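Heavy-atom basis, side chains included; hydrogens, waters and symmetry copies ignored. All ligand and atom numbering here is 1-based and tracks the order in the structure. All of these numbers come straight from a predicted model, not from anything done at the bench.
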Amino acid sequence: MAGGMFRWAAPVFARVGSRWSMGDADALAQTLAPYVPAGGHLLDVGGGTGALAARLAERLEAAVTVLDASPHMLHHAEGLPGVTPVGGDAEAMPFADDAFDAVLVSDAFHHFGAPPAAAREMARVVRPGGGVVVLEPDPAIWAVRLVAAAECLAGEPGHFMKPRVFEELMRDVGVEGVARHQGKASYVFVGTVGGEPAPREATS
Ligand SMILES: C[S@@+](CC[C@H](N)C(=O)[O-])C[C@H]1O[C@@H](n2cnc3c(N)ncnc32)[C@H](O)[C@@H]1O
């Protein structure tokens with residue numbers, strides 16, 4: 001289960017839900033659209049307050065389920081149009097196999113206590129050919145390592161992974177994809193469940 005950090009952080013996240021601009025949501029919706037048709041099903045793991053999920057539900061015209069371990073975060077997702085909040089752990093999801101067209105994890109993967117178990121679950125609940133999209137900070141950047149140290153002090157696991165390491169983790173569970181930098185400090189991994197190995201491109 002998620003540590004206590006999100007008990008006190010929930011009101012902060014609820015207030016700064018606008019950290020996800022319409023532009024951010026548009027860009028993510030474009031990345032997810034090849035996997036999630038109108039009327040399809042997206043899972044947002046560690047989706048917190050549901051602020052991003054609500055924007056994606058509107059953009060994709062899809063149903064978005066937010067799975068989160070913190071009732072304090074999830075509370076803010078209640079009643080959002082197109083969003084179904086569900087309490088639970090990324091490492092043992094309360095969903096059937098192949099239940100979703102895609103899974104999104106935004107700024108949450110490093111909070112999961114057991115990354116290989118979470119990766120296995122993400123691959124299990126997405127249909128073959130479905131999508132896996134993960135936004136993460138890159139610990140190659142010193143500022144991210146500072147954040148990681150602060151999170152560890154707050155009792156979080158701090159499982160920050162470099163892009164190549166993340167790709168390997170997903171490949172091990174049958175998700176082929178590529179992590180590309182987005183700005184200096186973050187990357188976005190886009191993969192397909194049971195997909196073909198993607199051509200390697202130079203990344204910064
Ligand atoms: C930094 S917040 C990110 C929230 C949202 N995805 C966003 O981008 O604004 C991380 C979220 O991951 C959730 N979380 C942490 N560990 C989890 C776990 N094992 N299973 C499910 N959710 C978890 C926390 O409760 C928190 O809501």
### Message
For ligand 1, which is the ligand I care about here, please tell me if Gly46 has any N or O atom under 3.5 Å from one of the ligand's N or O atoms.
### Response
yes
### Query
Hey, does the side chain of Arg164 reach the backbone of Ala179 with a donor-acceptor pair shorter than 3.5 angstrom?
yes
### Query
Judging by distance only, is a nitrogen or oxygen of Asp68 under 3.5 angstrom from one on ligand 1?
yes
### Message
Once side-chain hydrogen bond (donor to acceptor under 3.5 Å, both in side chains) is applied, do any residues pair with Glu58, and if so which ones, sequence neighbours excluded?
### Response
none
### Task
For Asp101 and Arg127, run salt bridge (charged side-chain N to carboxylate O under 4.0 Å, His left out): C-alpha distance rounded to whole Å, both residues' side-chain angles, the deciding distance at 0.1 Å, then the answer.
CA-CA 6 Å; Asp101 294 300; Arg127 63 169 170 79; 2.8 Å; yes
### Query
Backbone or side chain, does any N or O of Asp44 fall under 3.5 Å from an N or O of ligand 1?
no
### Task
Give, for atom CG of Asp89 and atom CD of Glu121, the distance between the pair rounded to the nearest 0.5 Å.
10.0 Å
### Message
Tell me which pairs pass ring pair (Phe, Tyr, Trp, His ring centres under 6.0 Å) where either residue lies in residues 115-155, with sequence neighbours left out.
### Response
none
### Query
Going by the atom numbers of ligand 1, which of them fall below 4.0 Å from some non-hydrogen atom of Glu91?
19 (N)
### Message
Within the 4.0 Å heavy-atom shell around Gly48, which atoms of ligand 1 are there?
### Response
27 (O)
### Message
Please determine whether side chain to side chain contact (heavy atoms under 4.5 Å, CB included) holds for the pair Leu135 and Val105, giving the CA-CA distance in whole Å, both sets of side-chain angles, and the decisive distance to 0.1 Å.
### Response
CA-CA 6 Å; Leu135 276 70; Val105 183; over 6 Å; no
### Query
Which atoms of ligand 1 sit under 4.0 Å from any heavy atom of Met73?
27 (O)
### Message
Does any N or O of ligand 1 fall below 3.5 Å from an N or O anywhere on Phe112, backbone included?
### Response
no
### Query
Can you hop from Val66 to Val45 via hydrophobic side chains spaced under 4.5 Å?
no
### Query
Quick one: which ligand 1 atoms are inside 4.0 Å of a heavy atom on Ser70?
25 (O)
### Query
If we only count N/O pairs under 3.5 Å, is Ala90 in contact with ligand 1?
yes
### Query
Can you check side chain to side chain contact (heavy atoms under 4.5 Å, CB included) on Glu167 and Phe189, steps first, answer last?
CA-CA 8 Å; Glu167 287 174 354; Phe189 171 87; 4.1 Å; yes
### Heavy-atom gap Gly88 to ligand 1 smaller than 4.0 Å
yes
### Query
What atoms in ligand 1 come closer than 4.0 Å to a heavy atom of Asp89?
18 (C), 19 (N), 20 (N)
### Query
Judged by non-hydrogen atoms, does Leu52 sit under 4.0 Å from ligand 1?
no
### Query
So, Phe109 versus Phe160, ring centres under 6.0 angstrom or not?
no
### Task
Give the contacting part of His111 toward ligand 1: side chain, backbone, both or neither, where contact means a heavy-atom distance below 4.0 Å.
both
#### Entry: Ala69 neighbourhood, listing ligand 1 atoms whose heavy-atom distance to it stays under 4.0 Å
17 (C), 18 (C), 20 (N), 21 (C), 22 (N), 23 (C)
